[in-house]
Amino acid sequence: MADAAKAEGNKAFSAGRFDDAIRHFSKAIEFAPDNHILYSNRSAAYASLQRYDAALADARKTVEIKPDWAKGYSRLGAAHLGLGDVDQAVAAYEKGLELDPASEALKSGLADARAAMAKPRGPPPQGASPFAKIFQGPELWTKLTADPTTRGYLQQPDFLNMIRDIQRNPNNLNMYLSDPRMMQVIGVLLNVKMREPTDGMASETSEPEQVKSHPEPAKKAPEPEPEQQSEPMEVSEEKETKLIKAEAQKAKEAGNAAYKKKDFETAIQHYTRAMELDDGDISYLTNRAAVYLEMGKYEECITDCDKAVERGRELHSDFKMIARALTRKGTALTKLAKNSKDYEPAIETFQKALTEHRNPDTLKKLNEAERAKRELEQEEYFNPEIADEEREKGNEFFKQQKYPEAVKHYTEALKRNPKDPKVYSNRAACYTKLGALPEGLKDAEKCIELDPSFSKGYTRKGAIQFFMKEYDKALETYQEGLKHDSNNQELLDGVRRCVEQINKTNRGEISPEELQERQAKAMQDPEIQNILTDPVMRQVLIDLQENPKAAQDHLKNPQVMQKIQKLMAAGVVQMR
């Protein structure tokens, strides 16, 4: 039950339904309160909803149960970081890396925590800048690269640090407004032409404002001059950068053309050339990874995908590009799993990709990997000989009326051989003895599904339906069984018992309590509900009470009569 709830929780988490995931993981924890993975999963779900207090509590429980499990410290670090406790976050990530130095998740988390630690912890400048939002999103770098002036700034390390600081904390924009480059950047991002003031305009417009806010405006005025002096050199560098990027794109297009022709070696050469020219575009890496994937060079594919993810995070690349690299890595890991028999790395990678971007293709690949894992586990566990031994053990316990023990062995037999209808029939009999009628009914139906000619399946199913006082359904089950074994005495006796009970109901020979119980149960049956909500049948029932002549005409219709008989068998209608 814990595994089933966990599986539902994982499915909900992958679908982005974090509240549902929490509910399923909580249910799983009720069944397995010492399972550290369940607390870890629920911590991740809480963190996804930014409920960091709850995420921290589960993360602490995870490392308490399993202190040597590195991922628990990843959850702990994420929760601390979400709560703003960067010192504790760094400590948690460092502890996790001591246990698993190769963990990319822990490395990435530690980098984020240290970046947060490096930020100024004082209060932000008074009032947020109205321009702060324009510095968010992947189009920022595209616009700055496209503009001739700001493209030159991208070669200046202090400028790049300034932009990245604003991206991390938009309120810090106010700290850089005195930098002339920042005004140019704002103009480019807002698509507004920023005119450089003449000396006269500066004295008319800028000076009064500077007098109010800065005591020494005269010292700030000459700042634009050095930039103007170095402009010819910057323009030259810009042209060179533009040419290099154009050459890289040309190499990429050549690689794409070779890939379509399945000339993989040539495609790799072109993509490698593009990467050498321009390391600011991770698509060259992901494209080369795709070629390696087609060639069956899965390790090389995984290496390129890891590089793409790492470089993409440095460049603040579009999350879709990061997700694409992770999906491609997951596909390569799935291919490797066919030999290694370990699908868990691929499943974990696909799940990471979905947290970056919810792509239907990625979700499909995740589901396929999970299904392959289940099938492999079932295949490795399959053993008909052990299944027969477990079934015999179950039979012995059944004879001793030790039904729970019998269920345990029958269940193990089905794990070893899930296609044996006899075991489903035997376990259905155990469930019936234990009063677990819904479970018994499922087993009986599975027995019939696997072998429609096996009469025991019909007798099990009919008996359970009879005990549930669904006499009309039990009658149908027994009659269906007689089509395969017309002389089976158990089936014939079952038909007789059902007819007797139905007739007693029709004659009103059952107690009011039993009638009420049967009617209440019948009203929960979808088939009965459909009959009662059918406008035609509602009119028929009214005529049965108020217009006998019209009712007689209705009863000549075989379909109407069949529905009336179902209502009578269920105790909803009585004919006198």
Side-chain angles (χ1 to χ4, degrees), residues 1-8 27-28 30-32 374 377-485 488-498 501 517-518 521 524-525:
M1 289 183 178
D3 288 342
K6 175 189 171 187
E8 290 297 320
K27 184 177 179 182
E30 291 178 7
F31 293 113
R374 290 193 300 269
E377 290 172 348
Q378 186 174 344
E379 180 182 331
E380 291 177 342
Y381 209 70
F382 181 81
N383 190 319
E385 293 181 2
I386 296 179
D388 290 341
E389 292 175 5
E390 291 295 327
R391 185 186 65 192
E392 290 302 321
K393 290 178 182 178
N395 292 343
E396 288 299 319
F397 280 113
F398 186 89
K399 292 175 183 176
Q400 299 171 28
Q401 299 183 359
K402 295 180 179 179
Y403 304 119
E405 290 83 353
V407 167
K408 178 181 177 181
H409 288 288
Y410 288 142
T411 301
E412 181 64 22
L414 289 173
K415 289 180 181 178
R416 296 291 185 175
N417 183 9
K419 300 295 184 182
D420 189 344
K422 295 179 181 178
V423 182
Y424 281 105
S425 172
N426 292 359
R427 193 171 69 172
C430 278
Y431 280 136
T432 304
K433 295 290 186 180
L434 291 169
L437 300 183
E439 290 80 0
L441 184 60
K442 288 180 183 178
D443 274 2
E445 289 174 342
K446 185 66 177 179
C447 172
I448 294 171
E449 176 190 329
L450 291 172
D451 187 358
S453 64
F454 187 46
S455 58
K456 211 60 169 169
Y458 296 98
T459 59
R460 300 289 192 214
K461 182 179 178 181
I464 293 170
Q465 290 171 325
F466 188 90
F467 291 142
M468 296 172 74
K469 299 183 180 180
E470 296 177 349
Y471 303 123
D472 54 326
K473 292 184 178 181
L475 179 60
E476 292 178 3
T477 299
Y478 286 131
Q479 290 173 336
E480 184 66 27
L482 286 171
K483 293 178 182 179
H484 302 280
D485 187 0
N488 186 286
Q489 193 59 47
E490 282 189 82
L491 295 172
L492 292 170
D493 290 341
V495 170
R496 177 182 54 77
R497 290 196 305 273
C498 290
Q501 288 295 328
E517 180 185 353
R518 289 189 57 193
K521 185 175 294 186
Q524 297 175 3
D525 188 331

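All residue numbers refer to positions in the sequence shown, counting from 1.
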Inset, instruction - Could you note down all residue pairs passing salt bridge (Lys or Arg N to Asp or Glu O under 4.0 Å) where residues 420-438 supplies at least one of them, sequence neighbours left out? - result: Arg391-Asp420, Arg427-Asp443
Inset, instruction - Work out which heavy atom in Ala406 is nearest to a heavy atom in Gly394; give both atom names and the distance. - result: CB-O, 3.4 Å
Inset, instruction - Spell out, as yes or no, whether a donor-acceptor pair under 3.5 Å connects the side chain of Ser425 to the backbone of Pro421. - result: no
Inset, instruction - Please name the pair of heavy atoms, one in Gly462 and one in Thr477, separated by the smallest distance, quoted to 0.1 Å. - result: N-CG2, 3.7 Å
Legend entry - Gap between atom OH of Tyr478 and atom CZ of Phe466 - 0.5 Å precision: 7.0 Å
Legend entry - Plane angle bin for His409 and Phe397 - parallel if under 30°, tilted between 30 and 60°, otherwise perpendicular: parallel
Legend entry - Heavy-atom pair of closest approach, residues Ala444 and Gly457: CB-O, 4.1 Å
Legend entry - Side-chain H-bond candidate by donor/acceptor type, Tyr410 with Asn395, under 3.5 Å: yes
Legend entry - Reported CZ-to-CD1 distance for the pair Phe454 and Ile448, which is rounded to 0.5 angstrom: 10.0 Å
Legend entry - Tyr458 OH to Asn488 CG distance, which is reported to the nearest 0.5 Å: 11.5 Å
Inset, instruction - Determine whether the side chains of Asn417 and Asn383 contain a donor N or O and an acceptor N or O closer than 3.5 Å. - result: no
Legend entry - Ionic contact status for Glu480 with Lys483, cut-off 4.0 Å: yes
Legend entry - Heavy-atom closest contact (Leu414 atom, Val423 atom, distance): CG-CG1, 3.5 Å
Legend entry - Approximate separation, where rounding is to 0.5 Å, of Cys498 SG and Gln479 CD: 8.5 Å
Legend entry - Gap between atom CD of Glu390 and atom NZ of Lys415 - 0.5 Å precision: 10.0 Å
Legend entry - Glu30 bridged to Lys27 by N-O distance under 4.0 Å: no
Inset, instruction - Assess whether atom CZ of Phe467 is packed by more than 12 heavy atoms of other residues, nucleotides or ligands within 6.0 Å. - result: no
Legend entry - Exceeds 12 heavy-atom contacts within 6.0 angstrom, atom CD of Gln400: yes
Legend entry - Nearest-0.5 Å distance that lies between atom CZ in Arg460 and atom OH in Tyr424: 15.5 Å
Legend entry - Check ion pair Lys446-Glu449 (N to O, under 4.0 angstrom): yes
Legend entry - Which atom of Val407 lies closest to which atom of Leu434, heavy atoms considered: CG2-CD1, 4.0 Å
Inset, instruction - Test salt bridge (charged side-chain N to carboxylate O under 4.0 Å, His left out) on Glu412 and Arg416 and set out the steps. - result: CA-CA 6 Å; Glu412 181 64 22; Arg416 296 291 185 175; 3.4 Å; yes
